[in-house]
Amino acid sequence: MAASLETRQPLAASLCLRAMIEEVLDMAQTSRYPRAVRQLESCRRLASAIDDWGRFPPHNAYVRGLLWAFGHLMGFMKRLDLDALLLPE
């Protein structure tokens with residue numbers, strides 16, 4: 001679903017990806033961590049096309065929130081390249 005929205009609705013695509021990421025992390029589904037990392041990388045790519053986040057946290061705030069909420073999941077955290085995931089501020 002997210003892939004079909006990417007071009008026309010990058011915010012909607014990003015929100016779909018966020019939901020999938022959070023499900024994996026909430027359930028601590030370690031076998032799906034690589035996919036969740038790729039989805040988070042897609043969110044970063046999409047973020048540059050989003051001008052108005054509305055009531056949703058922008059990409060960097062979202063990533064920081066994930067770190068705060070799921071920093072204890074070391075299997076996920078060690079797969080992240082935080083420098084590549086955050087947008088320049």
Side-chain angles (χ1 to χ4, degrees):
M1 172 165 264
S4 65
L5 294 171
E6 286 186 8
T7 305
R8 293 186 320 270
Q9 297 291 329
L11 177 58
S14 185
L15 295 176
C16 286
L17 290 167
R18 287 179 179 190
M20 291 186 280
I21 293 164
E22 291 169 22
E23 179 182 358
V24 168
L25 298 178
D26 283 338
M27 304 295 286
Q29 296 173 328
T30 58
S31 65
R32 294 181 57 203
Y33 286 173
R35 180 182 302 166
V37 170
R38 288 191 304 274
Q39 290 167 333
L40 192 53
E41 291 166 350
S42 293
C43 286
R44 194 260 186 235
R45 182 179 42 77
L46 289 167
S48 61
I50 300 169
D51 295 322
D52 182 9
W53 288 91
R55 62 185 180 97
F56 302 102
H59 178 74
N60 285 358
Y62 177 74
V63 171
R64 288 186 187 106
L66 281 181
L67 295 175
W68 183 84
F70 298 104
H72 64 283
L73 299 176
M74 296 309 295
F76 179 72
M77 290 295 136
K78 71 180 183 180
R79 297 178 191 282
L80 298 179
D81 178 358
L82 293 177
D83 293 330
L85 281 177
L86 295 174
L87 295 167
E89 294 186 77

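Under the side chain to side chain contact (heavy atoms under 4.5 Å, CB included) criterion, Ile50 pairs with Pro10, Leu11, Ser14, Trp53, sequence neighbours left out. Partners of Ala28 by side chain to side chain contact (heavy atoms under 4.5 Å, CB included), not counting sequence neighbours, listed by chain and number: Tyr33, Leu73.
At distances below 3.5 Å, at least one donor-acceptor pair connects side-chain atoms of Ser42 with backbone N or O atoms of Arg38. Side-chain atoms of His59 come within 3.5 Å of backbone atoms of Leu85 as a donor-acceptor pair (strictly under, hydrogens ignored). Remark: the backbone N or O of Leu86 is not paired with any side-chain donor or acceptor of Asn60 at under 3.5 angstrom.
Heavy atoms only, all atoms of each residue included: Gly71 and Met74 are closest at O-SD, 3.5 Å. Across all non-hydrogen atoms, the minimal contact from Asp52 to Gly54 is OD1-N, 2.9 Å. Nearest heavy atom pair, residue Ala84 against residue Arg44, reads O-NE, 3.1 Å.
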Check the pair Leu40 / Leu17 against side chain to side chain contact (heavy atoms under 4.5 Å, CB included), numbers first and verdict last. CA-CA 7 Å; Leu40 192 53; Leu17 290 167; over 6 Å; no

Check the pair Phe70, Asp26 against side chain to side chain contact (heavy atoms under 4.5 Å, CB included), reporting the backbone distance first and the verdict last. CA-CA 8 Å; Phe70 298 104; Asp26 283 338; 3.2 Å; yes

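Other residues, nucleotides and ligands contribute only 12 or fewer heavy atoms inside 6.0 Å of the CZ atom of Arg35. By the 6.0 Å contact criterion, CG on Asp51 is open, its count of non-hydrogen atoms from other residues, nucleotides or ligands being 12 or less.
The pair Glu22-Arg32 does not meet the salt-bridge criterion, since no charged nitrogen lies less than 4.0 angstrom from a carboxylate oxygen.
If you chain together hydrophobic residues whose side chains sit under 4.5 Å apart, Ile21 and Val63 fall into the same group. Leu66 and Leu82 end up in the same hydrophobic cluster when Ile, Leu, Val, Met, Phe, Trp and Tyr side chains are linked at under 4.5 Å. Put simply, Val24 and Met77 are part of the same group of oily side chains (I, L, V, M, F, W, Y) that touch within less than 4.5 Å, one to the next.
To the nearest 0.5 Å, atom CG of residue Leu25 and atom CE of residue Met20 are 12.5 Å apart. With values rounded to the nearest 0.5 angstrom, Glu41 atom CD is found 10.0 Å from Arg45 atom CZ.
Using a 4.5 Å heavy-atom threshold, the side chains of Cys16 and Gln39 count as separate.
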